[in-house]
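First the structure, in the form of structure tokens, and then the observations on it.
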Amino acid sequence: MQGSLVDAFARQGVSRRSFLKYCATLASMMALPPVAGRAMAEAMAAARRPSVIWLPFQECTGCTESITRSHSPTIEGMIFDMISLDYQETLMAAAGHQAEAARLNAMQDNAGKYLLIVDGSIPLGRDGAYSCIGGRSNVEMLKEAAQGAAAVVAVGSCAAFGGIPRANPNPTGAVSVSDIVKDKPIVNIPGCPPIPVVMTGVLAHYLTFGSLPELDAKGRPKAFFGETIHDRCYRRPFYDQGKFAKTFDDEGARNGWCLFELGCKGPVTHNACATAKWNGGTSWPVESGHGCLGCSEPDFWDAGGFYKALSLPADPLGIAGAAAVAGAAVGVGIGFANRAKQGAAKSAHETTTLADLEK
Amino acid sequence: MTDLQFLTWVRGPGLDIAVGIFLLGVLWRLFEIYSLGRSKDLSAPRRTPGASGLHTVFRRSLPPPGMLKCSPVSYLGGYIFHIGLAIVVFGFAPHILLIRNLTGLSWPALPSQFVDLAAVVTMAAMTVMLADRINKPAKRFLSTFEDWFTWAATFLPVLTGWMAVQHLLLPYTAMLALHILSVEILLIVLPFTKLFHAFTLFGSRWYNGKVNGHRGVPV
Amino acid sequence: MSASLEKGIRVLKAVIDAPIASYFNSCVHCGLCAEACLFYTETGDPKYTPIHKLEPLRRIYEQEYTLLGRLKKIVGLSKAVTDDELDQWQELVYNSCTLCGRCSAVCPVGNDIVYMVRKFREGMAASGHAPEGIKSAVNRTVTIGSPMGVKLPAVLAQMKHVEADYGIPIPLDVEDAEYMVVLSSMEIINFPEYLGAVARIMQQAGKTWTLCSTAFEATNAGIQIGNSDLARVIVSRIVEGAEKFKVKTVISPECGHAYTALRWEGANLIGRPFSFEVQHIVEVLDEFQRQGWLRTEGFETDKLTFHDPCQLVRRGGVIRQPRTLMRSVAQNFVEMPDAGYMNWCCGGGGGASAIEEGEALRLEAFKKKKTQFDAVKPDRVVTACANCRIVLEESLEHYRMDIPVIGLTELIAEHIPERNKPEGA
Ligand code: SF4
Ligand code: SF4
Ligand code: SF4
Ligand code: SF4
């Protein structure tokens, strides 16, 4: 295996062996046959470094942090050597007009071929005035950039589903990429933030096979989002036995029991945290003792409270008391009417005689 | 609407509406029924041990002599599905949590594999009961739309709950939402259909036991 | 001449109460009551399912006393009850229901179905849908004094016969007697042995008793037809007689419905508790025996079984007593399957035996009883209800079964030692 990428890795202290291993891991995570790992490695090594434009919209830069600033040196960080990242505000050296010019150049030079990555949601309120770059609204920029893109990758829950900006009452009118772009293949990589290896995995797949991976109904790569957190959670046996931590510092919590009652959203959350873990496989939220927040699902922010178990009412019952009172009132009312009717029928009764048996 | 939004709706406003209608209906119907009153029995009572309203409330849970043999499906099926429902409704951890949240009462949960088995057995028993309703002339004759409808309204929560746990057909989130929705439908129709026997059964047995107990007959 | 649908519905509105409301709301359509009703088990026709016999009553309840029912009626989802419909229901409410109460004993949700049939009959009678046979029985009871048209002279003649046969005087209109004995006309006409048996038993026990010239008839067709006003007229005769002679206890004859009418419905009909006790003759015999006032000798050796009259046993609470009495005089007493509380009706109770057009159905339903008899093959059948007795005899004859039917009181009387002097005499 030869190539500039391998050389570049070598310069940064990554051996050929560990690169191969990385590709094999990726392949297995994406449920590809083992040989695909090698194919991937070879394809990536020989890749033409396609142009990538990364547009940041209404976001917190958490996603960028996640993909780049995980502990170094990481393979995830270096994967950028495989692509030509022609525009990324946070990472690029250029700024201002220079940066904008770079973006326009890249779009022109690679029209129809570049990959568009978006993080952050797109505010539509007040004609998009809530978030502008160089005086242009996000929605305008997105439409423009999407036109020449081969595919769009919506990174993070904001780009994929609207995320936190879209949380009730959604003051900026935030929407997701797929709400705007309708005519391009879009892959959603939700998560707040997404797991680094999921982002690189999708890029690797694109580089290797020239196509996007298989997606689920929410546009997420099935390989990473096919199962719920709960399905693969190591605390699952406790759930099945009915052993639950009731507080964050009780006996159950210390024994590592299931966090369902503490509001874990694992059962309704599709993501790879339980298997890929975070920080280079160090740990993940549930392992650290906190329930899953459900960050890779649409509207996770408004799903009834992070610390409320899934089987509990999302909102307190508001009308129950009033309904009970109303029911009793209706019942008593009918009761009085019925008694009156019954009484009237009784008092209207005239003692029957034999003649009254005949018609 | 996404699955999670759907789930959040059924856990939030949907549940509120359903519980509201349920409480409204139950109280309304209970007053409507029992406010009709009844006249005092002036005949001299005969006292026999075991003959009272309260005795009958319990005794009627057992088949009267000779009845088990003449309608085993009704009795065994009835027992299995009622007990199964009770296990599933009151033994499954997430349900207990809900009950604790609403009422403050709680008790230890049963292992989820056991609850799972109970759900399957309950559904089997309900299916047999449905077949029996179709087969037995008297039952079929008595059956109206309401009987088929309430059967479905009772069966669906068990089915959807089980399918959600087993990850069948739909993603868990959607199935869970459907499960909760089906329970809400059940709650809403309960006070206005024969399912209301869950409440009036006690009154009916009590009256029967009382009237006949007055005559010294332990019914 | 004034029975009408409107009147019937008004009467039903007056009788519908919380138990009925509770029952209708509890029914789960399980059909178990059908399995308990001899008219269904023997015909297999689902229209004889007990709860179905009340369908018009259910609709009236729903339409009059529930909010949803009223709405349903307004939008046409629930049809009003019509005369035609009630006419159709006559067969279900009278011919095919003997008020045996077996359905009420099995309903899993606890519905007292027979309680509702009894009340529904009030509306059926008031709307002119009672069967002719029962109507004439009521007519005769009210105008002549007994459903079979028996008048006082016939009773006096019987008394003479008995006095001659047994050499015991039969007291009539005796004030301050401890017991007042009332009869059923069936006993006066068909089973005169009853009066003789009572006389001998009273003599042995040394009790004072009397018949009443204005209240010798105990059966109450007013209850069977379902008309409380007429039932009150009939029962009042007995109450007046008992109060006039200041008796302690009125003894209801071997007739189940007479017992129910007097013991359980009487006080409610007249609207106040009785000042006297009411006992069925079987209860009296049992008490006498326990007190040692009644002694018997000898045993019957053939195989005897006891047919429980529904009104005495399941509906009356006299379950143990007949068995104790049977055992005291019969060596070979066998119980039929389901005997006692769950016994099957003879098929002719509740006025059904008075309905001519119901005879074929009644004989069909008797097959249940036949099965019970076939199971134990008794030499003779003992019972404690003259109506059961007649119906059993007729039906046994129809099925060419040679099993004599006798009354329990006579059976006991036959075992009273001959030369026994009355105590204290
Ligand atoms: S901790 Fe969460 S994800 Fe893990 S088993 Fe419990 S509920 Fe499921
Ligand atoms: S465990 Fe849940 S909340 Fe946490 S990162 Fe993973 S998907 Fe998001
Ligand atoms: S009372 Fe007896 S005859 Fe009448 S419906 Fe009930 S079981 Fe049948
Ligand atoms: S047995 Fe009771 S619940 Fe069943 S059909 Fe008859 S009345 Fe209804």
Side-chain angles (χ1 to χ4, degrees), chain B residues 28-29 32-44 46 48 51 56-57 60-61 63-67 70-71 74-75 78 133 136-144 146-147 150 192 194-197 199-212 214-219, chain C residues 16-23 25-36 40-41 44-49 51-52 65-68 101 104-112 115 263-268 270-274 277-278 313-319 337-338 340-342:
Chain B
W28 149 14
R29 301 281 288 124
E32 186 177 78
I33 291 164
Y34 293 102
S35 67
L36 278 169
R38 71 191 192 100
S39 40
K40 194 173 177 301
D41 194 337
L42 299 170
S43 63
R46 183 210 307 280
T48 304
T56 301
V57 167
R60 258 325 141 87
S61 299
M67 288 305 287
C70 89
S71 205
S74 300
Y75 280 103
R133 183 168 285 289
K136 276 236 178 74
K139 265 193 186 178
R140 188 176 55 229
F141 178 78
L142 289 176
S143 299
T144 60
E146 192 183 313
D147 292 283
T150 49
F192 308 105
K194 71 169 188 179
L195 297 176
F196 201 48
H197 76 275
F199 286 83
T200 55
L201 160 126
F202 301 99
S204 296
R205 287 181 178 182
W206 192 82
Y207 280 137
N208 192 344
K210 173 107 181 134
V211 167
N212 288 286
H214 187 88
R215 301 175 174 208
V217 188
V219 289
Chain C
I16 288 171
D17 56 4
I20 294 187
S22 183
Y23 298 153
N25 279 290
S26 299
C27 179
V28 290
H29 285 173
C30 70
L32 284 172
C33 48
E35 308 291 342
Y40 172 76
T41 59
D45 188 339
K47 74 173 174 182
Y48 295 128
T49 303
I51 195 73
H52 176 66
Y65 290 123
T66 71
L67 189 58
L68 286 184
S104 298
V106 307
C107 171
V109 298
N111 290 351
D112 194 346
Y115 174 95
R263 176 70 177 88
W264 306 117
E265 294 227 26
N268 295 309
I270 64 165
R272 62 179 165 87
F274 285 166
E277 245 189 88
V278 176
V313 177
R314 183 165 42 248
R315 308 282 301 144
V318 184
I319 305 175
D338 292 333
Y341 173 60
M342 288 304 281

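Chain A is the first sequence line, chain B the second, and so forth, proteins listed ahead of strands; every chain is numbered from 1. Since we're looking at a predicted model, the values are computed, not measured.
Every side chain to side chain donor-acceptor pair (under 3.5 Å) that Arg205(B) has, sequence neighbours left out, goes to Ser61(B). Under the side chain to side chain contact (heavy atoms under 4.5 Å, CB included) criterion, Pro108(C) pairs with Cys30(C), Leu32(C), not counting sequence neighbours.
At distances below 3.5 Å, not a single donor-acceptor pair connects side-chain atoms of Asp17(C) with backbone N or O atoms of Leu36(B). Within the 3.5 Å criterion, the main-chain N or O of Ser204(B) finds a donor-acceptor partner in the side chain of Ser22(C). When atom types are taken as modelled, the side chain of Asn208(B) and the backbone of Ser104(C) share a donor-acceptor pair closer than 3.5 angstrom.
Heavy-atom pairs under 4.5 Å with chain C peak, among Lys40(B), Lys194(B), Arg60(B), at Arg60(B). Top candidate by heavy-atom pairs under 4.5 Å with chain B, chosen from Phe274(C), Tyr115(C), Tyr40(C), is Tyr40(C).
Residues Val219(B) and Tyr341(C) are in side-chain contact: their nearest non-hydrogen atoms beyond the backbone lie under 4.5 Å apart.
When heavy atoms are compared at a cutoff of 4.5 Å, Trp206(B) does not approach chain C at all. For Val57(B), no part lies near chain C; criterion is any non-hydrogen pair under 4.5 Å.
Considering all non-hydrogen atoms of both residues, Val217(B) and Gly316(C) come closest at CG2-C, 4.1 Å.
Separation of atoms CZ (Arg215(B)) and CZ (Arg263(C)) is listed at 9.5 Å; rounding is to 0.5 Å.
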